[in-house]
Amino acid sequence: MVVQQQHQQQQPPRVKGAFVALARNREVHAMRSSMRYLEDRFNHKYKYSWIFLNEEPFTEEFKNLTRSMTDAETFYGQVPVEHWSYPDWVNQTYAKECRQAMVDQNIVYGGSESYRHMCRFQSGFFVQHPLLDGLDYYWRVEPGVKFSCDIEYDPFRVMQERDLKYGFTIALEEFYATVPTLWDTTMDFVKDHPEYIYPKTNPDSLFKVITNDNGLSYNLCHFWSNFEIGSVSFLRSERYQAYFRHLDQAGGFFYERWGDAPVHSIAVALMLGASEVHWFYDIGYKHDNFEHCPTEPDWLVHGKCYCDPITSFDYVDGSCITKYLQVTNTTVNDYITTPQED
């Protein structure tokens with residue numbers, strides 16, 4: 001008993017982090033699947049809380065079935081109506097015409113209103129939900145994702161100890177047709193608010209991750225936000241929220257199909273230094289047909305990964321990982337975290 005108490009006393013204070021999932025009632029089984037992966041691979045040892053958000057009230061079935069998947073606390077919140085509806089300044093007639101034009105071009109989710117509300121919510125509002133009050137970090141989890149490697153360290157603690165603001169696993173190019181004016185709108189913000197922008201002349205700048213021509217255009221690279229571990233204080237900061245408000249006023253979430261992934265990513269690349277961003281290389285992850293699998297042979301054994309490195313998206317056409325490594329002058333070995341560091 002004395003040994004156990006001493007061991008507990010040596011444990012560092014718990015990091016203020018939680019999993020955050022936006023899910024619908026009908027996605028309960030896909031959500032349970034994601035939970036099972038994370039609980040088995042990581043959270044059974046740490047018991048970080050789960051926060052579930054929905055634009056509609058959660059059913060008792062959803063609550064009961066998700067609670068049964070974890071020994072950690074679970075919390076359930078509803079998205080405020082004003083965060084999942086059209087703002088007054090958006091011309092809904094024009095927005096409908098824009099959606100139809102995207103349908104005619106066969107753009108994925110081109111005609112979906114709910115998808116646009118989701119992207120707007122995830123871009124700036126989710127982090128404002130009261131259930132995230134008191135948190136330092138969030139780990140976004142989607143229904144139906146897979147984690148293929150044991151996670152034998154605490155990513156939240158890595159974020160805290162290294163003073164990281166943003167972490168990702170997959171980086172890829174966006175569909176240009178969904179964001180044709182996002183870059184110009186962003187550059188207007190940069191001109192108006194230079195005080196919020198990390199100096200692009202700094203060797204630690206991530207500016208060249210998102211542009212190939214010194215800012216004339218967006219190269220479409222972004223971190224795929226269906227997996228991200230982020231700083232609550234960064235996304236709640238005035239600099240980030242000012243950027244989100246600027247984009248929101250422009251109407252591009254509804255007139256085009258701006259995604260939360262490029263929005264988060266452009267903000268990260270413009271406002272943070274490379275030392276504040278981390279590629280969670282050693283976390284095997286799959287969403288839909290896109291998969292990140294650690295390709296270092298030793299790590300496949302150490303991390304007990306079941307994924308096939310050949311299926312990893314990292315080094316195929318459309319991936320931005322090579323670009324990221326070039327700009328940051330790093331290699332995959334710089335992103336392997338050993339359990340001893342926890």
Side-chain angles (χ1 to χ4, degrees), residues 15-17 20 122-124 126-128 132 135-140 155-174 179 182-183 185-212 214-215 218-247 258-281 283 320-331 334-335 337:
V15 178
K16 296 177 181 177
V20 178
Q122 296 282 43
S123 290
F126 86 93
V127 76
Q128 300 176 26
L132 276 71
L135 292 182
D136 291 330
Y137 305 98
Y138 69 91
W139 181 333
R140 179 169 161 183
F156 286 126
R157 184 158 299 285
V158 169
M159 297 288 289
Q160 181 184 69
E161 292 180 349
R162 302 182 186 179
D163 197 22
L164 298 169
K165 304 295 190 299
Y166 193 83
F168 68 96
T169 56
I170 294 175
L172 72 167
E173 295 176 358
E174 181 61 289
V179 291
L182 176 58
W183 187 251
T185 306
T186 297
M187 289 299 101
D188 289 339
F189 174 81
V190 171
K191 292 174 185 176
D192 292 341
H193 296 283
E195 70 275 16
Y196 294 147
I197 306 305
Y198 194 84
K200 65 180 181 181
T201 55
N202 192 308
D204 201 31
S205 171
L206 292 170
F207 188 64
K208 291 183 179 179
V209 172
I210 56 173
T211 179
N212 299 334
N214 199 34
Y218 177 34
N219 65 13
L220 305 177
C221 281
H222 65 285
F223 309 121
W224 218 18
S225 59
N226 48 71
F227 172 103
E228 61 182 12
I229 303 176
S231 162
V232 172
S233 63
F234 170 62
L235 286 191
R236 284 187 171 184
S237 68
E238 176 55 28
R239 56 178 168 167
Y240 180 82
Q241 287 296 319
Y243 176 55
F244 169 68
R245 290 193 300 269
H246 176 82
L247 297 183
W258 294 351
D260 53 281
V263 170
H264 286 190
S265 303
I266 290 174
V268 165
L270 290 177
M271 298 178 183
L272 301 178
S275 62
E276 299 175 287
V277 180
H278 184 71
W279 178 27
F280 281 101
Y281 166 81
I283 296 182
C320 293
I321 286 296
T322 298
K323 176 80 169 176
Y324 180 81
L325 294 176
Q326 290 173 343
V327 171
T328 57
N329 192 30
T330 55
T331 70
D334 294 307
Y335 301 100
T337 303

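Keep in mind it's a predicted model, so treat the numbers as computed, not measured.
Within the 4.5 Å cutoff, no side-chain heavy atoms of Y198 are placed close to those of L206. In this structure the side chain of F156 never reaches within 4.5 angstrom of the side chain of K16, judged on heavy atoms. Under the 4.5 Å side-chain criterion, counting only non-hydrogen atoms from C-beta, W258 is not in contact with S123. The shortest side-chain heavy-atom distance between V277 and Y324 falls under the 4.5 Å cut-off. Under the 4.5 Å side-chain criterion, counting only non-hydrogen atoms from C-beta, F234 is in contact with V268. Proximity of Q241 to V127: side-chain heavy atoms (C-beta onward) are separated by under 4.5 Å at one or more points. You'll find the side chain of E276 stays beyond 4.5 Å of the side chain of D204, heavy atoms only. Y335 has its side chain within reach of L325: a pair of non-hydrogen atoms, C-beta onward, lies under 4.5 Å apart.
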**OP:** In sequence, state the C-alpha distance, the side-chain angles, and the governing distance for T211 and K200, and then conclude on side-chain contact (heavy atoms from CB on, under 4.5 Å).
**Re:** CA-CA 11 Å; T211 179; K200 65 180 181 181; over 6 Å; no
Subject >> From CA spacing to verdict: side-chain contact (heavy atoms from CB on, under 4.5 Å), H278, I229 >> reply: CA-CA 9 Å; H278 184 71; I229 303 176; over 6 Å; no
Subject >> Check against ring pair (Phe, Tyr, Trp, His ring centres under 6.0 Å), F223 and F168 >> reply: CA-CA 6 Å; F223 309 121; F168 68 96; 4.3 Å; yes
Original post:
After noting the C-alpha distance and the side-chain angles of Y243 and T186, does the key distance pass the side chain to side chain donor-acceptor pair (under 3.5 Å) rule?
Top reply: CA-CA 8 Å; Y243 176 55; T186 297; 2.8 Å; yes
**OP:** Might you work through the side-chain contact (heavy atoms from CB on, under 4.5 Å) test for D260 and R140, ending with a clear yes or no?
**Re:** CA-CA 12 Å; D260 53 281; R140 179 169 161 183; 2.8 Å; yes
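The distance from atom CG of N226 to atom CD of Q122, rounded to the nearest 0.5 Å, is 10.0 Å. Atom-to-atom distance recorded for I266:CD1 and L247:CG is 8.0 Å, nearest 0.5 angstrom. To the nearest 0.5 Å, atoms OH (Y218) and OG1 (T185) are separated by 13.0 Å. For the atom pair L182 CG and E174 CD, the distance stands at 9.0 Å (nearest 0.5 Å). For the atom pair CD1 of I321 and OH of Y281, the computed distance is 10.5 Å after rounding to the nearest 0.5 Å. The line from CD1 of I170 to OG of S225 is 11.0 Å long, rounded to the nearest 0.5 Å.
Here the shortest heavy-atom pairing between Y137 and L164 reads CE2-O, 3.8 Å. For the pair G215 and W183, the tightest heavy-atom approach, listed with the atom from each and the gap, is O-NE1, 2.8 Å. Annotation for W279 and T169: closest pair NE1-O, 2.9 Å, computed over non-hydrogen atoms. The minimum heavy-atom distance linking R157 with V15 is given by the pair NH2-CG2, 3.4 Å. Closest approach of F207 and N214 over heavy atoms only: CE2-C, 3.7 Å. Looking at every heavy atom in both residues, C221 comes nearest to I210 through O-CG2, 3.9 Å.
Note: Y166 and H264 have perpendicular aromatic rings, judged against thresholds of 30 and 60 degrees for the angle between ring planes. Ring geometry for Y196 versus F189: interplanar angle under 30°, hence parallel rather than tilted (30 to 60°).
Of the possible donor and acceptor atoms, one in the side chain of N219 sits under 3.5 Å from a partner among the backbone N and O of V209. Looking at H222, its side chain never comes within 3.5 Å of a backbone N or O of A171 through a donor-acceptor pair.
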